[in-house]
Amino acid sequence: MRFANPAGERNKDPILNVLKRVLSKTLPNLRLLEISSGVGLHAPYFAKEFPNITFQPSEFDTTLFGSIEAYRQGVENVRSPIFIDVSKPCQEWENDANINQQNSANHFDYMLNINMLHISPIACALGLFHNSSVLLKTGGLLITYGPYAVNGMLTPESNVQFNRSLRQRNPEWGIRDTSELREMAMQKGISLLEVIDLPANNKCIIWKKE
């Protein structure tokens, strides 16, 4: 059964417009690993626009696998979801697709992560950059989406209030600052290429494995 995702329905087209600009539509046999696929709405929607890219959804919460499967029905270039705990280094991963450091280093052209960084512990951000540095090919892109502070400034007031509510729910959560993330990424050989403003006070950030 598909689970509803109203926010995902609103943001799928703005994110797709960014992907159309940064992902190849012509190179054959490309691979994209989605970290934290949620209910599974995004990958099939994007995959229809990129028949040359195989999308691999993943999720920590295995209760969402049924919804991810339901969304991907009829879309041939989206694979079945696999379990990934991105806070762990990929040499420790065990999943049905056998994606780990030993079998998948320098394997993916792209990685995608939507609305995870602010509702997960900082270990997930550290793990995302570490694992991207292993799994992406040289020159591969990591695309992240969500609300961000920029150089210590969080705007508008609605994001300030949202951040406060996140931290009240879980002190390990909270909207991340682009400067903090850039430092984490640089330590793993990942550079920040572009920050793109999108509707609803969210941003897409494009990162590249050097």
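Residues: numbered from 1 along the sequence shown. These values consider heavy atoms only, across backbone and side chains, with no hydrogens, waters or symmetry-generated copies.
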So which atom in [X] and which in [Y] form the shortest heavy-atom distance, rounded to 0.1 Å?
X: K88; Y: W93; answer: O-NE1, 3.0 Å
X: F46; Y: I114; answer: CE1-CD1, 3.9 Å
X: G174; Y: N163; answer: CA-OD1, 3.3 Å
X: N103; Y: N98; answer: ND2-ND2, 3.0 Å
X: A149; Y: I175; answer: N-CG2, 3.6 Å
X: F162; Y: P147; answer: CE2-CG, 4.1 Å

Within-4.5 Å side-chain heavy-atom neighbours: [X] and [Y]:
X: E49; Y: L16; answer: yes
X: V150; Y: D177; answer: no
X: V86; Y: N131; answer: yes
X: Q91; Y: Q102; answer: no
X: H42; Y: N11; answer: yes
X: I99; Y: F108; answer: yes
X: E34; Y: Q56; answer: no
X: L135; Y: C90; answer: yes

Next on the checklist: If hydrophobic clusters are built from ILVMFWY residues whose side chains come within less than 4.5 Å, do Y71 and Y45 share one?
Outcome noted: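 Hydrophobic grouping puts Y71 apart from Y45.
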
Next on the checklist: Could you see if F55 belongs to whatever hydrophobic cluster contains V18? Use Ile, Leu, Val, Met, Phe, Trp, Tyr and a side-chain cutoff under 4.5 Å.
Outcome noted: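 Yes, F55 connects to V18 through the hydrophobic network.
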
Donor-acceptor pairs are to be reported for all side-chain atoms of residues 76-84 against protein atoms at under 3.5 Å, with residues two or more places apart or in another chain.
from: N77; atom 1: ND2; to: A47; atom 2: O; distance (Å): 3.1
from: N77; atom 1: ND2; to: F50; atom 2: O; distance (Å): 3.0
from: N77; atom 1: ND2; to: I53; atom 2: O; distance (Å): 2.9
from: S80; atom 1: OG; to: E69; atom 2: OE2; distance (Å): 2.8
from: S80; atom 1: OG; to: R72; atom 2: NH2; distance (Å): 2.8

Checklist entry - Taking atom types as modelled and ignoring hydrogens, do the side chains of S37 and E59 form a donor-acceptor contact shorter than 3.5 angstrom? => result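 Short answer, no.
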
Item to check | N201-N159 side chain donor-acceptor pair, cut-off 3.5 Å | outcome: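 No donor-acceptor contact under 3.5 Å links the two side chains.
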
Item to check | Summary of side chain to side chain donor-acceptor pair (under 3.5 Å) pairs that have at least one residue in residues 116-130, sequence neighbours excluded | outcome: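 Those involving residues 116-130 are H130-K188.
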
Item to check | Pairs flagged by side chain to side chain donor-acceptor pair (under 3.5 Å) wherever residues 133-155 is involved - sequence neighbours left out | outcome: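 Those involving residues 133-155 are D109-K137, T144-Y148, T144-W207, Y145-N202.
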
Item to check | side chain to side chain contact (heavy atoms under 4.5 Å, CB included) assessment of M116 paired with C124 | outcome: CA-CA 8 Å; M116 179 197 79; C124 291; 3.9 Å; yes

Checklist entry - What residues form a salt bridge (charged side-chain N to carboxylate O under 4.0 Å, His left out) with D96, not counting sequence neighbours? => result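 D96: no salt bridge (charged side-chain N to carboxylate O under 4.0 Å, His left out) contacts found.
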
Checklist entry - Residues in salt bridge (charged side-chain N to carboxylate O under 4.0 Å, His left out) with E194, at least two apart? => result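 E194: salt bridge (charged side-chain N to carboxylate O under 4.0 Å, His left out) contacts with R21.
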
Can you tell me how far apart [atom1] ([X]) and [atom2] ([Y]) are? Round to the nearest 0.5 Å.
X: I143; Y: I196; atom1: CD1; atom2: CD1; value: 9.0 Å
X: L198; Y: K203; atom1: CG; atom2: NZ; value: 9.0 Å
X: L192; Y: I206; atom1: CG; atom2: CD1; value: 9.0 Å

Next on the checklist: According to side chain to side chain contact (heavy atoms under 4.5 Å, CB included), who are the partners of P199, at least two apart in sequence or on a separate chain?
Outcome noted: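 Expected list: P14.
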
[X] [atom1]: over 12 foreign heavy atoms closer than 6.0 Å:
X: K48; atom1: NZ; answer: no
X: E92; atom1: CD; answer: yes
X: E94; atom1: CD; answer: no

Item to check | Worked verdict on N106 versus K209 for side chain to side chain donor-acceptor pair (under 3.5 Å) | outcome: CA-CA 10 Å; N106 305 303; K209 178 180 175 179; 2.9 Å; yes

Next on the checklist: So if I apply the side chain to side chain contact (heavy atoms under 4.5 Å, CB included) rule between Y110 and each of L142, L30, L19, which one comes out positive?
Outcome noted: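 For Y110, the side chain to side chain contact (heavy atoms under 4.5 Å, CB included) check succeeds only for L30.
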
